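Working notes for the structure below.
Please read all numbers here as calculations on a predicted model, not as lab measurements. Below, all heavy atoms of this structure are taken into account, side chains as well, without hydrogens, waters or symmetry copies. All chains are named by letter (A, B, ...) in the order of the sequence lines, taking the proteins before the strands, and each is independently numbered beginning at 1.
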Number of protein chains: 2
Amino acid sequence: MSAKRNLIRSGTTVDQMVRAISDRIVTGFLRPGEKLDEASLAARFDVSRTPIREALSRLSAMGLVERRPNRGATVAVMTQEHLASMFESMAELEAICARFSAERMTAGERRTLEAEHQASARFVQLGAEEEYELFNTGFHTRLYRGAHSKHIYELTVMTRSRLAPFRRAQFMLPGRLAQSWQEHDAIVTAIMRGDSTAAGTAAKDHVSIVSEASAVFAIGDRAKGKAEPFPTSAS
Amino acid sequence: MSAKRNLIRSGTTVDQMVRAISDRIVTGFLRPGEKLDEASLAARFDVSRTPIREALSRLSAMGLVERRPNRGATVAVMTQEHLASMFESMAELEAICARFSAERMTAGERRTLEAEHQASARFVQLGAEEEYELFNTGFHTRLYRGAHSKHIYELTVMTRSRLAPFRRAQFMLPGRLAQSWQEHDAIVTAIMRGDSTAAGTAAKDHVSIVSEASAVFAIGDRAKGKAEPFPTSAS
DNA sequence: GCCGGAGCAATTGCATACACTTTTTGCCTC
DNA sequence: GAGGCAAAAAGTGTATGCAATTGCTCCGGC
């Protein structure tokens with residue numbers, strides 16, 4: 001085993017490969033539609049083809065790469081339509097979670113949700129984007145858990161993780177923090193009232209706005225033709 | 001390659017293994033929580049461990065088996081709560097598809113949907129369960145496609161496939177065929193009118209009823225302990 | 001008698017070698 | 001010169017062997 005890889009402390013080799021390849025995909029180092037040759041990847045990361053194959057399987061399940069039998073794997077092409085479709089799905093899923101949360105959250109869950117939400121106002125005042133983003137993730141996770149439906153939770157988390165790369169830049173928009181907080185407030189208020197319809201609507205609107213904000217960035221990124229902003233390691 | 005396996009007509013070895021293992025899981029031959037030893041499975045099906053490993057990966061992604069690093073795979077335990085949660089999700093997803101279909105289906109899609117639906121009345125009159133089940137799958141698929149949202153489609157199909165084993169027996173209930181057709185009719189009518197709210201509600205109700213019907217069977221099936229109804233090929 | 005650690009067996013993870021499928025390239029024919 | 005077929009090359013799919021991790025058992029100490 002190469003000494004190099006020992007330094008990258010982490011779990012199994014497959015996990016490392018999954019991370020390594022998905023990183024290169026979401027950062028654009030590997031372009032959509034690009035062919036992923038098993039042997040090359042294996043050589044590139046100094047492992048055998050076996051863990052590469054398994055990593056590609058997992059990435060395929062995640063939707064980051066496409067695999068066709070006997071024809072190898074390619075980086076999944078995320079068309080603008082598909083991206084829109086995923087945000088749309090995300091809005092519907094969040095709406096479901098919010099509705100269910102309004103109906104099913106325990107008193108304790110409601111208290112925690114509201115408390116954390118109120119606490120996050122501080123980050124808005126300070127303009128602490130990092131911290132707010134961290135809180136934001138937790139807030140939504142709470143919402144998903146509050147639905148008390150394991151499968152809905154899984155679907156939602158999966159969709160969110162697939163959208164993650166396209167959401168990164170949203171808080172760079174001026175005033176987005178405060179607006180986000182207001183939207184959260186509408187959701188929390190509805191949930192505290194037990195008003196599932198209002199909670200659903202608020203959640204859907206929240207995602208829709210994020211969607212628009214992100215789409216601008218995602219597409220802007222592409223359109224600008226930022227083709228080579230990455231360290232072309234080795235080759 | 002053993003001549004035996006050549007007779008089992010199908011794609012790659014991994015596909016066969018996925019089918020074989022998932023069959024044994026959904027039919028109860030492999031019980032929930034049971035350990036899935038790679039070597040044993042490989043010997044059992046007369047293949048090497050490699051395709052078995054990949055099959056287990058896929059089944060894990062499907063949610064049929066659980067895998068822990070260095071600890072092997074076990075048949076996923078599907079609690080009654082989780083099953084209920086999945087049917088609930090299915091109802092919500094179908095509702096979304098129906099709503100979107102009511103809003104977005106093209107004139108052609110609407111025509112086809114209605115035509116096929118009307119044609120299926122014949123299967124009900126004849127009591128042709130096999131044919132109706134086949135049509136039924138197509139009907140729902142049309143609904144999912146009609147939503148014109150690739151990601152929603154994927155989520156819905158995925159959830160449906162995970163529920164498939166628990167739905168098989170539903171049409172064995174007396175009068176279920178006619179009732180199913182009536183429910184479909186409500187959905188189709190709403191979609192033809194472009195009434196998304198009504199379509200969503202009708203679709204949700206439809207799944208809820210299927211859910212109740214299936215739950216009875218699923219649990220009954222297990223309790224009866226149908227352990228050995230399968231052609232134990234070889235060995 | 002119970003708890004803890006070291007050694008051993010069993011099983012998973014990774015590497016390499018071989019087989020089969022697909023694709024490309026070059027040659028032959030029209 | 002263009003089209004098609006065939007053979008080779010490239011790349012995926014499967015098998016097998018070895019390394020590494022886990023869990024168990026057995027022995028020793030408290």
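For A/S48, taking side-chain heavy atoms from C-beta onward, the closest of the listed nucleotides D/dT12, C/dT16, D/dT14 is C/dT16.
Residues forming a ring-ring contact (aromatic ring centres under 6.0 Å, His included) with B/H206 (at least two apart in sequence, or on another chain): B/H140, B/H184. Taking the side-chain hydrogen bond (donor to acceptor under 3.5 Å, both in side chains) definition, one finds that B/S22 meets it with nothing, sequence neighbours left out. With sequence neighbours excluded, the residues that form a side-chain contact (heavy atoms from CB on, under 4.5 Å) with A/K150 are A/E154, B/H82, B/S85. Taking B/D37 as the reference, B/A39, B/S40 meet the side-chain contact (heavy atoms from CB on, under 4.5 Å) condition, with sequence neighbours excluded. Remark: A/R104 engages B/E88 in a side-chain hydrogen bond (donor to acceptor under 3.5 Å, both in side chains) (not counting sequence neighbours). Considering only residues two or more places apart in sequence or on other chains, B/E131 meets the salt bridge (Lys or Arg N to Asp or Glu O under 4.0 Å) condition with none of them. Shown here are the side-chain contact (heavy atoms from CB on, under 4.5 Å) partners of B/T141, two or more places apart in sequence or in another chain: B/T137, B/R145, B/Y153, B/R160.
Contacts classified as salt bridge (Lys or Arg N to Asp or Glu O under 4.0 Å) and involving residues 72-87 of chain A (residues at least two apart or in different chains) are not found.
Of all the residues in residues 49-56 of chain A, A/R49, A/T50, A/P51 reach under 4.0 Å from DNA chain C with at least one non-hydrogen atom.
Nearest heavy atoms, A/S89 versus B/S149: OG-OG, 3.9 Å. Closest approach of B/F135 and B/E116 over heavy atoms only: CE1-O, 3.5 Å.
With rounding to whole Å, B/R67 atom CZ is found 12 Å from C/dT11 atom C1'. Rounding to whole angstrom units, CZ of residue B/F45 and P of D/dT14 are separated by 15 Å. Rounding to whole angstrom units, CG of residue A/L36 and P of D/dG13 are separated by 13 Å.
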Atom pairs under 3.5 Å: protein N/O with N/O of nucleotides 21-24 of chain C:
from: C/dT23; atom 1: OP1; to: A/R71; atom 2: NE; distance (Å): 3.3

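For the OP1/OP2 pair of D/dT22 and a distance below 4.0 Å, the side-chain nitrogens and oxygens of B/K35 include no atom meeting the criterion.
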Which atom pairs, one a donor and one an acceptor, fall under 3.5 Å between side chains of residues 59-70 of chain A and the rest of the protein, sequence neighbours left out?
from: A/R67; atom 1: NH1; to: A/S57; atom 2: OG; distance (Å): 2.9

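Over its length, the helix from C/dG1-D/dC30 to C/dC30-D/dG1 turns its helix axis by 10°, as judged from the five terminal pairs at each end, rounded to 10°.
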